[in-house]
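Keep in mind the model is a prediction, meaning the values are calculated, not measured. Reminder, nothing fancy here: chain letters follow the sequence lines and each chain counts from 1.
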Number of protein chains: 2
Amino acid sequence: MSQNTKNPDNCNVNVALDIIVGKWKSIILLQLMFRGTKRFGELRKLIPEITHRMLTSQLRELEENDLIKRVVYPEIPPKVEYSVTEYGQTLMPILNEMHKWGTAHQTHMAQKNGELRNSL
Amino acid sequence: MSQNTKNPDNCNVNVALDIIVGKWKSIILLQLMFRGTKRFGELRKLIPEITHRMLTSQLRELEENDLIKRVVYPEIPPKVEYSVTEYGQTLMPILNEMHKWGTAHQTHMAQKNGELRNSL
DNA sequence: CTGGATCCACGTAGATACTG
DNA sequence: CAGTATCTACGTGGATCCAG
């Protein structure tokens, strides 16, 4: 959880932040949103940098927040599928805004740093 | 910085995330946005839980990202004023979306946890 | 294949004291 | 009043091994 319940303006912003800042959560969510249901191993391939342990824990947290659904098939070998829940889809506006802003920000900072000097 | 430059869907989302997740950044931004220019000491009063050291460092990071402006008045005793830059205002859509979602999420989780049981 | 448990390294935040 | 420096404590992530 965050902190601060005394600043009405803020607290709910951090509620959202706390849920999506898991360092890998947003990328996992986006993968599942855009590429659909995926198995554990498939996610690992889609996100090569993430460790086994991290993928597990981040998926658990996302599941606890009802953002993704975990379906276990009682087979040997085990098979588990993850997908974004309907509720998880409600994060789209936030992720969209962040994507837009993040993209623009790269340009902003590039200009500030003198790169992109008028190249005409 | 984040990680991952191989997943086009994601990277720019984390660009934005990395900038606003400083644990105190969003609240500082919101205070400055809604209450206007504030001095260092005023911010401390508005956010009592933050430590002196943290306020300093978070303000510095926000400044480095062009989100806030720092104005030093060469007086004795020192006086420094912080305000949101025009560029910082572009974060409003994100903060708004997160605020809305965060608020709704509290309700969502309350229901999930069996609270709010139909009290008719 | 999926995932839990353990050990360890590192970053980040808190507390405190000091400076201009 | 505003800011810096140091020292410490803790959470979090990485690596590795074990299990169903």
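Taking atom CG of A/Leu59 as the reference point, atom P of C/dG4 lies 10 Å away to the nearest angstrom. Rounded to whole angstrom, the span from the CZ atom of A/Arg44 across to the P atom of C/dT2 amounts to 10 Å. Between the CD atom of A/Glu49 and the P atom of D/dG14 there is a distance of 11 Å, given to the nearest Å. In this structure, CE of B/Met54 is placed 15 Å from P of C/dT16, rounded to the nearest angstrom. Between A/Trp24 atom CH2 and D/dT12 atom P there is a gap of 17 Å when expressed in whole angstrom units. Protein atom NZ of B/Lys23 is 18 Å distant from nucleotide atom P of C/dG11, rounded to whole Å. Across the protein-nucleic acid pair, B/His52 atom NE2 and D/dC1 atom C1' stand 8 Å apart, rounded to whole Å. If you measure from atom CZ of A/Arg39 to atom P of C/dG3, you get 10 Å, rounded to the nearest angstrom.
Inter-residue side-chain proximity for B/Val84 and B/Thr37 is flagged as unmet; no heavy-atom pair is nearer than 4.5 Å. In this structure the side chain of B/Arg70 reaches within 4.5 angstrom of the side chain of B/Arg60, judged on heavy atoms.
In this structure, the nucleotide among D/dT4, D/dG14, C/dG14 sitting nearest to the side chain of B/Thr51 is C/dG14.
Near DNA chain C, meaning a heavy atom under 4.0 Å from it, residues 60-79 of chain A has A/Arg60, A/Arg70, A/Pro77, A/Pro78 in order of number.
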Kindly list each side-chain donor-acceptor pair under 3.5 angstrom involving residues 72-80 of chain A, sequence neighbours excluded, with atom names and distances?
residue, atom, partner, partner atom, Å
A/Tyr73, OH, A/Glu81, OE1, 3.0

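Ionic pairing of B/Lys45 and B/Glu42 is not present here: no N-O contact between side-chain nitrogen and carboxylate oxygen is shorter than 4.0 angstrom. Using a cut-off of 4.0 Å between Lys/Arg side-chain N and Asp/Glu carboxylate O, A/Lys69 and A/Glu63 are scored as not salt-bridged.
The backbone N or O of B/Asp66 sits less than 3.5 Å from a side-chain atom of B/Thr85, completing a donor-acceptor pair.
Contact annotation: side chain of B/Arg53 to base of D/dT6, donor-acceptor pair present below 3.5 Å.
Put simply, B/Tyr82 has a side-chain N or O that comes within less than 4.0 Å of OP1 or OP2 on D/dG3.
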